[in-house]
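Have a look at the structure below, then the notes.
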Amino acid sequence: MSARIIDGKVLAAELRAAVAAEARRLAAGQGLQPGLAVVLVGDNAASRSYVASKSRAVLEAGMRSFDHRLAADTSERELIALIQKLNADAAVHGILVQMPLPPPIDAARVIASVDPAKDVDGFHPLNAGRLACGLPGLVPCTPMGCIKLAKTVHASLAGLDALVLGRSNIVGKPLFQLLLAENATVTVAHSRSRDLPALCRRADLLCAAIGRPEMVRGDWIKPGATVIDVGINRVAGGAQKSRLIGDVCFAEAVDVAGAITPVPGGVGPMTIACLLVNTLRAACAQAGLPQPAV
Ligand code: GUN
């Protein structure tokens, strides 16, 4: 069997176009242009590349992008002072602080300083709590993208046995909450779980977000299962080049799964498209407008 490839690039392009159309409607009807502030501290190469992609996508969707690049030795106090300025700036509807932050900055304190109404990452404890309680709020972008990708295969996720591999605040925990809200039966497994292969083999929907290159092998996958690979691991690719691989061994999994996301071109593009969705939603909420249809 050869799995259907879930094309994240195509789906993300459709979502970005829908957001751009809503943004044009807002500009024409309300004179409102959503704005996103992107804050990068230090010069981590991967973070620089992600941040550039996010800012470009924001501009392409007809929104404003406010870029803040801070030196690696920026203090936590300086960073929080910038965030407080952005919290008070009416042109800024969303604030994204790229993770990871260089030590000794305490990421939890930085996240808590973002106005929850502008927390387009959905990382603030208030938004995490709202998600856990089933209340409306801003939802983390990568898990939101995973759900949208899974729903291209399954009209409903209700009753599916879902396994989330990984328990980070950015992906694993919020993805657990979102799958539960979709009425899936959800297990969260992690590096300390016993017999990961057996847990994986039970899953109709396997979401791998554990950050270990190609850890999930073909024989860990239930035949016909849907596999969402959140991993983005840069490995040496020969001739001094590097390449990106997921947490799932794609070459093996593609012969067993029913559907699978590739890396790159799966979850990654959807994360950026969902960031645009959150920026649009945040702008509408702050302007007292109804939530957009996207
Ligand atoms: N680092 C890795 N993923 C993310 C993300 O979704 N948002 C932010 N702010 N930083 C990240």
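For the single chain, residues carry numbers from 1 onward in sequence order. Every number for a ligand or one of its atoms is a count from 1 in the order of the listing. Owing to the predicted nature of the structure, the values given are computational and were not obtained by experimental measurement. Heavy-atom basis, side chains included; hydrogens, waters and symmetry copies ignored.
Below 4.0 Å from some heavy atom of V97 lie the following atoms of ligand 1, by number and element: 8 (C), 9 (N).
Here the straight-line distance linking atom CE of M215 with atom CD1 of I210 works out to 4.0 Å at 0.5 Å rounding. Distance check: R16 CZ to I272 CD1 gives 7.5 Å after rounding to the nearest 0.5 Å.
Residue L96 has no N or O atom closer than 3.5 Å to an N or O atom of ligand 1.
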Side-chain donor-acceptor pairs under 3.5 Å in residues 36-47, sequence neighbours left out?
from : atom 1 : to  : atom 2 : distance (Å)
N44  : OD1    : A46 : N      : 3.0
N44  : OD1    : S47 : N      : 3.0

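From the protein, the heavy atom lying nearest to atom 9 (N) of ligand 1 is D121 OD2, 2.6 Å. Of all protein heavy atoms, the one lying nearest to atom 11 (C) of ligand 1 is Q98 NE2, 3.5 Å. Of the protein's heavy atoms, M99 O, 3.0 Å lies nearest to atom 1 (N) of ligand 1.
Atom CZ of R69 is surrounded by more than 12 heavy atoms from other residues, nucleotides or ligands within 6.0 Å.
A pairwise comparison of heavy atoms in A23 and A61 identifies CB-O, 3.4 Å as the closest pair.
Heavy-atom separations between Y50 and ligand 1 are all 4.0 Å or longer.
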